[in-house]
Amino acid sequence: MIKLEDYKAPEFKIASVHLEFALDPEATIVTSTLKMVSDSSTLTLDGDELVLLSVELNGKPVDHVVTPTSLTLNVPFTPFTLVIKTQINPTANTALSGLYRSNGTYCTQCEAEGFRRITFFPDRPDVLTTYTVKITGKEPLLLSNGNQLEHGVWHDPHPKPSYLFALVAGDLGVVKDTFTTMSGRVVALEIYVEHGKEPLCAYAMDSLKRSMRWDETAFGREYDLDVFMIVAVSDFNMGAMENKGLNIFNDKYVLANPETATDADYANIEGIIAHEYFHNWTGNRITCRDWFQLSLKEGLTVFRDQEFSSDMRSRPVKRIEDVRLLKSAQFAEDAGPLSHPVRPRQYAEINNFYTATVYNKGAEVIRMMKVLIGEKAFADGLDLYFKRHDGQATTIELFVKCFEEVAERSLDIHSRWYEQAGTPLVRVSTEYEGGVLILHLEQVLREGHLPQSLPLRVGFLSPNGEELFEETITLDQFKGRFIFEDFKDEPILSLNRGFSAAVNIDYGRSDQTLAFLATHDSDDYNRRQAVETYALKVLTKGADAAPFIALYGKLIEESPRDPAFYAHALTLPSEEDIAREIGANINPDAIKQTRNTLVVALAKAHAERASALFHTLQTGAFSPDAASAGKRSLRIALLRLMVIEGFDASEIYMNADNLTERFGALACVVHHGNVATRDKLMADFQARFEDNANVFDKYLSLTGMKASVLEVKTMLQGAVFTKFNPNRYRALVGVFAMSNPTQFHTKAGYDFLCEELLRVDKINPQVSARVANAFRSYKSMEEPRKLAAHEALLALSKHELSNDLKDIITRMLA
Ligand code: HT7
Ligand code: ZN
């Protein structure tokens, strides 16, 4: 177990590293020349699955001890040169960490601890040095970080930690453009993809240029090399990687055209291109001292990419989407056995801490700090952070200190958000008399936890729906009492506007008040939240459905005013949302049935109205912009009601000129249509896209959401699964486990997933560990499901597992 309290600064410095790669599919030779000074007489370097060929100190072979994970030798106190030769097998590297091959292209993934799979090195983020790299091989394209000196020879002038190293070699097509920075430097932009896919890079390139400009205008951050390269590969464990000057992407987050990418894909491409680009300052120039500080770069960079997308699209709609993601991914994680603080204090396997807590809750902690100290102090604090820590590997404390200094206040209470796991619950009650309203708040945290700072934006509405005023209050004690005066009538409160505090709220509101807020609140976030809260009351607390159904009709009528917003307002909580609300003794079959009953009732009441609107809501020629995407998403929300009421969506599917509508229609039919239409359209979709892996994954996901264990097993025997690919696997098995609760949460579902985890763990531990996260909610299931899951996990734990999977299963069983 690695512990934060055990952190020790390195006792050596690496002045420079020179790497030579003699590429060979099965036997690549890596020669690493380190110029070093050390305060200690022994030096231990990290390694993983390396064949050591030789070690020389100052030109002479030297005694050393090599283990499967380290290389140790004695070194002098004077500056020395260490030359280490290793051999690696990129073709056999199915873990996709270190140097591997994707469709014949050599590429690397070094975060978090992949560099040690290339050569022996102090593979920790606080060891920064400058790299020169020489690559020899027969591939026409030989890329690494920094600026190219000659073909295959690269120098990166910016000191960096090993996790930001990258190499790509292969035969790829390229799309080129340029960007002129705010100080007038011309930067070459290059996106590398498989030959023939160049026309699919236009949106990624446009997103990149917009990201570069936005970082200059919003944060004053300019790019710092002569070239910025993106390489898209089809085998990748995550979304993308911010390697200095040479980002490597999962190709599903690069390639797009209207026929093969949905609006959601376009939004993801924009957001992820931006995220990786923004890391150049928040992550690369200022990096983490150790992996416990991961949220220093990830939370901040998520915050920055959320702000970028808000500026590019609709801010309220983006906020609704971000909070939906936060609740479904992070609140769910925090409610189960994998719960951990934004800054964990210990880990067995760091790969398992690239979580919604570190990323998304980390971003919320920064967003809340901005509300607490105000926009000006927040901007000044970030400027100070960039100035003070440029070139350093630093900590979350030192980040927060920058804001404390400019705001001239302590942020100790706020900083507890980094240390204390769990979602705070705020209990709310009010008293009203003679024009005075007293608001009582109580924060409920885990046993032993101290109060956190909860900044709550509160709106006050008159009973006829007029906005009276808004105030931001901060609850930083267990209990708070806030007094507001001079009301003519008792106001209606709109609490936690914009989800200003990342908390759950317990405020027993009547159905009438929720309906009132759903139609009158001036805050879009809370208007939608009121609809959701009301829906959850109907679905989990037996509230009368009739007035909710009437409200839903009103929302449909209003929907052309702001299609993107209303598409969200008209989307009912998912089965997983309902399960989270119930919290314990969950019966997924009952949830599905209850939800379905409401869905059918809504369709019965409103399909006609929906149909009339659907046909008037024209989207015109395809454009990926947010307004057009909003119209398409509303059309699909309406189509859903129509299909439930028997409308045949085949024509909509067949005539669609873009994937959003084609796939949207297909999804409506798969979830709600009749079997014959479903089978016909699924067969068509399969035939249309079987040669396009990223679109075919959508077919697999739809299958995974509905299929039985047997059907998933059968599908896994198919030709697309003969070669392991993380996207394919997650699309079918990952979606089955995460988004098909009635089939997964059965003994057969649990046993199947455990068998699969055992099999896939031998191929790719990061993928098996991530898919295993689907078990995170098993403790809140009803019996005998809970017991069946426990037994399946226990049986799995008896096998020899990777560190990654073992860590997840151990925490799950604890
Ligand atoms: N910083 C990157 C993280 C990442 C990663 C981590 C572990 C294993 C594989 C990985 N690929 C990318 C991505 C990001 O947050 O930008
Ligand atoms: Zn990131």
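Heads up: numbering here begins at 1 and tracks the sequence. Counting starts at 1 for both ligands and their atoms, in listed order.
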Looking at [X] and [Y], does any basic side-chain N land under 4.0 Å from a carboxylate oxygen?
{"X": "Glu307", "Y": "Lys318", "result": "no"}
{"X": "Arg811", "Y": "Glu349", "result": "no"}
{"X": "Asp123", "Y": "Arg117", "result": "no"}

- Message: Name the residue from Tyr354, Trp291, Phe292 that meets the ring pair (Phe, Tyr, Trp, His ring centres under 6.0 Å) definition with Tyr347.
- Response: Phe292
Looking at [Y], is [X] sitting on its ring face, NZ or CZ under 6.0 Å from the six-membered ring centre and within 45 degrees of the normal?
{"X": "Arg304", "Y": "Phe219", "value": "yes"}
{"X": "Arg116", "Y": "Phe121", "value": "no"}
{"X": "Arg101", "Y": "Tyr106", "value": "yes"}
{"X": "Lys160", "Y": "Phe165", "value": "no"}
{"X": "Arg213", "Y": "Tyr277", "value": "no"}

- Flag Asn237 as yes when one of its N or O atoms lies below 3.5 Å from any N or O atom of ligand 1, and as no otherwise. no
- Message: Geometry only, no angles: is Glu111 polar-contacting ligand 1 at N/O separations under 3.5 Å?
- Response: yes
Please report which non-hydrogen protein atom sits nearest to [atom], along with the residue it belongs to and the distance in Å to one decimal place.
{"atom": "atom 12 (C) of ligand 1", "value": "Ala240 O, 3.3 Å"}
{"atom": "atom 14 (C) of ligand 1", "value": "Tyr359 OH, 3.4 Å"}
{"atom": "atom 4 (C) of ligand 1", "value": "Met238 CE, 3.7 Å"}
{"atom": "atom 8 (C) of ligand 1", "value": "Gln766 OE1, 2.9 Å"}

Which of the numbered atoms in ligand 1 are under 4.0 angstrom from any heavy atom belonging to [X]?
{"X": "Glu276", "value": "14 (C), 16 (O)"}
{"X": "Glu242", "value": "1 (N), 2 (C), 13 (C), 14 (C), 16 (O)"}
{"X": "Lys297", "value": "1 (N)"}
{"X": "His279", "value": "14 (C), 15 (O), 16 (O)"}

- Where the Zn ion (ligand 2) is the vertex, angle from His275 NE2 to Glu298 OE1 to 10°: 110°
- Task: Tell me which part of Asn351 gets within contact of ligand 1: side chain, backbone, both or neither, using heavy atoms under 4.0 Å.
- Result: side chain
- How does Ser97 reach ligand 1, by side chain, by backbone, by both or by neither, if only non-hydrogen atoms under 4.0 Å count? neither
